[in-house]
Amino acid sequence: MLDPQLIRTQLDDLTQKLFLRGFILDHARLAELEARRKQIQVETEQLQSERNKRSKAIGQAKAKGEDVTPLLETVAQLGEQLKASEMALEDIQTQLNDILLGIPNLPHDTVPIGRTGDDNVEVRRIGTPKEFAFPPLDHVDLGAKLGQLDFETAAKIAGARFTLIRGPLARLHRALTQFMLDLHTQEHGYTEVYVPYLVNADSLLGTGQLPKFAEDLFHIPLQNYYLIPTAEVPITNIVRDLIWKTEDLPAKFVAHTPCFRSEAGSYGKDTRGMIRQHQFEKVEMVQWVKPEDSYTALEELTAHAETVLQRLELPYRVVSLCTGDLGFASAKTYDLEVWLPGQQHYREISSCSNFEAFQARRLKARYRDPNTKKPNLLHTLNGSGLAVGRTLVAIMENYQDEGGRIFIPPVLQNYLGGRTHIQ
RNA sequence: GGAGAGAUGGCCGAGAGGCUGAAGGCACUCCCCUGCUAAGGGAGGAUGGGCUGUAGAGGCUCAUCGAGGGUUCGAAUCCCUCUCUCUCCGCCA
């Protein structure tokens, strides 16, 4: 959520910045609602003040043993008036709040301006795609050849967009999460957390998935739980409604969780293979930091994710998302895209974002500023480190040989009991 | 699932219709005292919002005692619903 002050004081500027990311703000309606809000709120508070004064007087008169009936008469219609005013205020505040909750974050000044993914800017490219002496297969064919990747059985058990992995490949998949967690906890200073995979609506509201993106989520209506679409939700909500100890900043947490996404609206997109699934594993890094540190933190967080790719010796590039491609809550995002020989394309494998105070405002996530001694909103960040399923895909495709064997990257071999390849 | 108890400021903990935005304590900030530390004395201080403004100085004001409704001129305090926590029994990985 944006600072409501911006709507009062810098509506034009705001409208313009939001336009850059493709969001049309209903400027006139907002201005009108805001004017009415101001009038009604002042009115309501005056009435409340009046009521408080008179009630206090009644109490004092009563204490002295005086007759209070004349005083009671003077308050008689005040109650009705107040009730009507309060209802009007509540109504308008609900309207304003609904609008506010639907407004995306403002892009940071360093975010490239553009409309679609084609306008994203490549920041750097690390590693060189391997030249294969044969036409490299994609992971689906490789998995079928190995007999270890089975989409048909998964479809029977659950439906489309699910995967069944067998044997050594399943172990490799598990090894990847262990490797990633070990790296981030042992070398990057993150605290591992185990979190709920089902969350309530408040948590999703806090991180920004609700109310706008309900159709992307799996919802369990009976108990009113939602399956998490990313560990960002449970981890970031650790700070909800808290004043975090300033000496415990920056806070850095990492978790491995499954992620569940309905993928509504992506029909026909990435239908082949395990690139886009209803259920996938991810190792997620989350930080909350002082506002002045958040852009340094974004660079560090991105580097932490990159380290995974570097250790796995996978070629990748870093892309700065343009204003039009930015996620709803993000002020700035770097995507890491790994090279997939089977597709001859770089594909997103991690997304690292700085949300500034956008989530923190919804979450009431604060710290005490040592200078002012006042609570202040934190900045939150997160990034995948990495998406495990896609990492498995990347390893299969980049480490295949002509016979369809998959070599295991050296850093992973210990996690697989010394195994050097899968066949 | 059954029976009971509870939820109050950064933390602990009183309060049981009006003078309580909330005693007391801890932690915190400032001052005094002390050779240093410890101890002691004094002062301050919740959070969020609105209006005004010499616009992070001030002034006025509203809301908030788990959440949401209700009763009342007036609710932390009474009533209803919900959530969560704890204890005992049952069940279970």
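Below, chains carry the letters A, B, ... as their sequence lines are ordered, and counting in each starts from 1. Worth knowing before you read on, the calculation uses all heavy atoms, side chains too, and leaves out hydrogens, waters and symmetry mates.
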Whom does [N] pair with, Watson-Crick or G-U wobble, provided both distances fall under 3.5 Å?
{"N": "B:U72", "answer": "none"}
{"N": "B:U34", "answer": "none"}
{"N": "B:C88", "answer": "B:G2"}
{"N": "B:C51", "answer": "B:G59"}
{"N": "B:G24", "answer": "B:C12"}
{"N": "B:A39", "answer": "none"}
{"N": "B:A46", "answer": "B:U64"}

What is the distance, rounded to the nearest whole Å, between atom [atom1] of [X] and atom [atom2] of [N]?
{"X": "A:I7", "N": "B:G49", "atom1": "CD1", "atom2": "P", "value": "14 Å"}
{"X": "A:K364", "N": "B:G10", "atom1": "NZ", "atom2": "P", "value": "14 Å"}
{"X": "A:Q60", "N": "B:G74", "atom1": "CD", "atom2": "P", "value": "16 Å"}
{"X": "A:D369", "N": "B:G10", "atom1": "CG", "atom2": "P", "value": "17 Å"}
{"X": "A:D248", "N": "B:G10", "atom1": "CG", "atom2": "P", "value": "17 Å"}
{"X": "A:I58", "N": "B:G17", "atom1": "CD1", "atom2": "P", "value": "19 Å"}
{"X": "A:W244", "N": "B:C11", "atom1": "CH2", "atom2": "C1'", "value": "16 Å"}
{"X": "A:L47", "N": "B:C73", "atom1": "CG", "atom2": "P", "value": "17 Å"}

Under 4.0 Å from OP1 or OP2 of [N]: is there any side-chain N or O of [X] that close?
{"X": "A:R368", "N": "B:C28", "answer": "no"}
{"X": "A:N52", "N": "B:C73", "answer": "no"}
{"X": "A:S49", "N": "B:U61", "answer": "no"}

May I ask you to say what [X] touches in the nucleic acid, namely base, sugar-phosphate or nothing, with a heavy-atom cut-off under 4.0 Å?
{"X": "A:P4", "result": "nothing"}
{"X": "A:Q5", "result": "sugar-phosphate"}
{"X": "A:R361", "result": "nothing"}
{"X": "A:K374", "result": "sugar-phosphate"}

Any Lys/Arg nitrogen of [X] or [Y] sitting under 4.0 Å from an Asp/Glu carboxylate oxygen of the other?
{"X": "A:D141", "Y": "A:R272", "result": "yes"}
{"X": "A:E50", "Y": "A:R54", "result": "yes"}
{"X": "A:R36", "Y": "A:E32", "result": "yes"}

Checklist outcome for this item: The residue, A:K53 or A:E45, whose nearest nucleotide of RNA chain B is more 5′ is A:E45
Checklist entry - Taking for each residue the nucleotide of RNA chain B with the nearest heavy atom, is it A:R8 or A:E50 whose nucleotide lies nearer the 5' end? => result A:R8
Relative to each other, are the rings of [X] and [Y] parallel, tilted or perpendicular (30° and 60° limits)?
{"X": "A:F260", "Y": "A:F218", "answer": "perpendicular"}
{"X": "A:H188", "Y": "A:H184", "answer": "tilted"}
{"X": "A:Y415", "Y": "A:F179", "answer": "perpendicular"}

For [N] versus [M], give the span between their [atom1] atoms, rounded off to a whole number of Å.
{"N": "B:C84", "M": "B:G74", "atom1": "P", "value": "32 Å"}
{"N": "B:C86", "M": "B:C79", "atom1": "P", "value": "25 Å"}
{"N": "B:A14", "M": "B:G21", "atom1": "C1'", "value": "15 Å"}
{"N": "B:A63", "M": "B:A3", "atom1": "C1'", "value": "38 Å"}
{"N": "B:C11", "M": "B:A23", "atom1": "P", "value": "16 Å"}
{"N": "B:C32", "M": "B:G25", "atom1": "C1'", "value": "23 Å"}
{"N": "B:G42", "M": "B:C60", "atom1": "C1'", "value": "31 Å"}
{"N": "B:U20", "M": "B:U83", "atom1": "P", "value": "36 Å"}

Next on the checklist: Working to the nearest 0.5 angstrom, can you tell me the gap between A:Q148 CD and A:L142 CG?
Outcome noted: 11.0 Å
Item to check | Distance, nearest 0.5 Å, that separates CG of A:L326 from NE2 of A:H108 | outcome: 11.5 Å
Checklist entry - When you check the side-chain N and O atoms of A:E281 and A:T177, is any donor under 3.5 Å from an acceptor? => result no
Checklist entry - Does one side chain, of A:D91 or A:Q95, offer a donor that lies under 3.5 Å from an acceptor on the other? => result yes
Checklist entry - Around A:E187, counting heavy atoms of other residues, nucleotides and ligands shown, do more than 12 lie under 6.0 Å from its CD? => result yes
Checklist entry - Does a distance-only test, which skips hydrogens and angles, find a donor-acceptor pair under 3.5 Å between the side chain of A:K62 and the base of B:G18? => result yes
Item to check | Pairwise side-chain contact, A:H304 with A:Y190, heavy-atom cut-off 4.5 Å (strictly under) | outcome: yes
Next on the checklist: Using a strict heavy-atom distance below 4.0 Å, which residues from residues 78-92 of chain A are in contact with RNA chain B?
Outcome noted: none
Checklist entry - Of the residues in residues 28-43 of chain A, which ones touch RNA chain B at a heavy-atom distance under 4.0 Å? => result A:R37, A:K38, A:Q41, A:V42
Next on the checklist: Side chain of A:R51, heavy atoms from C-beta onward: which of B:G50, B:C73, B:G48 has the nearest atom to it?
Outcome noted: B:C73
